[in-house]
Amino acid sequence: MTALADETRELLLSRITDVADYPKPGVMFKDITPLLADPQAFAALTDALVEIATGCGATKIVGLEARGFILAAPVAVRAGIGFVPVRKAGKLPGATLAQSYELEYGTAEIEIHAEALAAEDRVLVIDDVLATGGTAEASLELIRRAGAQVAGLAVLMELSFLPGRARLEPALAGAPLDALIVV
């Protein structure tokens with residue numbers, strides 16, 4: 001886990017709001033849109049993620065649809081490295097690689113452009129929240145199938161009461177998992 005200054009952690013936490021019963025009853029949704037609307041908080045988050053990207057030697061950043069795009073793209077720009085989106089199936093034009101994964105009820109599929117990554121790439125995956133880890137696990141598989149190396153996974157927030165970290169441990173194969181905030 002990345003060392004984040006207490007002041008930065010408090011700033012980020014203060015801009016994340018809880019929305020009860022969204023998207024369904026019994027769920028406490030962590031809304032990051034107030035954080036994104038605050039330029040100081042968004043810049044602090046971007047800086048922390050850039051530090052992770054440079055620290056792990058990433059040459060590409062993968063952002064997971066959809067909020068992962070918002071976090072990952074400015075990190076790639078600031079770090080001076082490429083950004084590659086991982087999208088829901090059917091959203092990318094041209095040749096893609098697809099990976100299915102299990103959901104609580106059923107399956108889903110994500111895709112990446114087939115030529116987006118090369119063998120010399122070290123890829124950092126960025127997303128907003130780590131919950132059960134299904135999408136992140138599928139993205140790690142896609143990166144390896146594309147021939148690239150996994151440099152790590154970084155998330156704004158990890159929900160520690162869900163099994164995401166344990167699920168991802170084998171898929172990370174020793175690459176770091178950095179959560180800026182753990183709740």
Side-chain angles (χ1 to χ4, degrees), residues 1-58 60-88 91 103-104 108 110 123-140 150-169 172 175-183:
M1 189 167 349
T2 294
L4 193 63
D6 289 341
E7 178 181 303
T8 302
R9 183 180 318 283
E10 289 306 314
L11 173 63
L12 299 179
L13 274 170
S14 74
R15 302 307 189 271
I16 298 170
T17 59
D18 289 341
V19 180
D21 298 320
Y22 182 82
K24 62 183 183 178
V27 173
M28 182 63 72
F29 184 78
K30 300 292 187 183
D31 184 10
I32 69 164
T33 57
L35 186 156
L36 301 174
D38 180 322
Q40 181 186 4
F42 196 8
L45 170 59
T46 301
D47 290 345
L49 291 171
V50 166
E51 186 177 316
I52 293 168
T54 56
C56 71
K60 293 275 175 67
I61 300 288
V62 158
L64 302 183
E65 187 169 340
R67 293 184 298 180
F69 293 179
I70 298 167
L71 305 186
V75 172
V77 170
R78 277 213 190 146
I81 58 181
F83 168 75
V84 178
V86 167
R87 304 228 36 209
K88 295 174 184 168
K91 300 289 185 179
L103 299 169
E104 188 176 352
I110 55 173
V123 183
L124 176 66
V125 176
I126 294 179
D127 204 5
D128 63 330
V129 176
L130 173 59
T132 62
T135 308
E137 181 180 43
S139 74
L140 299 175
V150 173
L153 169 65
V155 296
L156 166 59
M157 186 176 1
E158 177 183 353
L159 305 180
S160 63
F161 53 89
L162 293 173
R165 183 173 288 269
R167 177 180 185 168
L168 288 174
E169 191 173 311
L172 284 163
L177 167 54
D178 290 292
L180 298 178
I181 297 169
V182 178
V183 295

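Keep in mind it's a predicted model, so treat the numbers as computed, not measured.
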> Can you list the steps and then say if V125 with V86 is a side chain to side chain contact (heavy atoms under 4.5 Å, CB included)?
Replying inline: CA-CA 9 Å; V125 176; V86 167; over 6 Å; no
> Can you name the nearest heavy-atom pair linking L124 to A154, along with the distance?
Replying inline: CD1-N, 4.0 Å
>> I need the full list of side-chain hydrogen bond (donor to acceptor under 3.5 Å, both in side chains) pairs touching residues 69-82, with sequence neighbours left out, sorted by first then second residue.
In response: D47-R78
> Atom OG1 in T132, atom CZ in R165: separation rounded to 0.5 Å?
Replying inline: 14.5 Å
> Can you find a heavy atom in the side chain of K30 that is under 4.5 Å from one in the side chain of D18?
Replying inline: yes
> Do D21 side-chain atoms and G26 backbone N/O form a donor-acceptor pair below 3.5 Å?
Replying inline: yes
> For A136 and L153, which heavy atoms make the closest approach, and how far apart are they?
Replying inline: CB-CD2, 4.0 Å
> So do the side chains of V183 and I16 get within less than 4.5 Å of each other, counting heavy atoms only?
Replying inline: no
> Do the side chains of V123 and V84 get nearer than 4.5 Å, heavy atoms only?
Replying inline: no
>> How close do S139 and I110 get, counting heavy atoms only, and between which atoms?
In response: N-CD1, 3.6 Å
> How close do L71 and V75 get, heavy atom to heavy atom, and via which atoms?
Replying inline: O-CG2, 3.2 Å
>> Assess whether a salt bridge exists between K91 and E65, defined as any Lys/Arg side-chain N lying under 4.0 Å from an Asp/Glu carboxylate O.
In response: no
> Can you list every ring-ring contact (aromatic ring centres under 6.0 Å, His included) pair that touches residues 4-31, not counting sequence neighbours?
Replying inline: Y22-F29
> If you round to the nearest 0.5 Å, how far is CD1 of I70 from OG1 of T46?
Replying inline: 11.0 Å
> About how many Å separate CG of L172 and CG of L177, when rounded to the nearest 0.5 Å?
Replying inline: 6.0 Å
>> To the nearest 0.5 Å, what is the distance between CD on E10 and CD1 on I181?
In response: 8.5 Å
> Under a 4.5 Å cut-off applied to non-hydrogen side-chain atoms, are I52 and L49 in contact?
Replying inline: yes
> If you round to the nearest 0.5 Å, how far is CZ of R67 from CG of D127?
Replying inline: 8.0 Å
>> Counting only heavy atoms from other residues, nucleotides and ligands, does the tally under 6.0 Å from CG of D6 exceed 12?
In response: no
>> Before you tell me yes or no, could you show the steps for L12 and L4 under side chain to side chain contact (heavy atoms under 4.5 Å, CB included), namely the whole-Å CA-CA distance, both residues' side-chain angles and the distance that decides it to 0.1 Å?
In response: CA-CA 10 Å; L12 299 179; L4 193 63; 4.0 Å; yes
> Between A175 and V150, which heavy-atom pair has the shortest distance, and what is it?
Replying inline: CB-O, 3.7 Å
> Which atom names give the shortest non-hydrogen contact between L180 and A48, and what distance separates them?
Replying inline: CD1-CB, 4.0 Å
Listed pairs under 3.5 Å, donor-acceptor, residues 33-41 side chains, sequence neighbours left out:
{"unit_1": "T33", "atom_1": "OG1", "unit_2": "D31", "atom_2": "OD1", "d": "2.8"}
{"unit_1": "T33", "atom_1": "OG1", "unit_2": "D31", "atom_2": "OD2", "d": "3.0"}
{"unit_1": "D38", "atom_1": "OD1", "unit_2": "Q40", "atom_2": "N", "d": "2.9"}
{"unit_1": "D38", "atom_1": "OD1", "unit_2": "A41", "atom_2": "N", "d": "3.0"}
{"unit_1": "D38", "atom_1": "OD2", "unit_2": "R15", "atom_2": "NE", "d": "2.6"}
{"unit_1": "D38", "atom_1": "OD2", "unit_2": "R15", "atom_2": "NH2", "d": "3.1"}

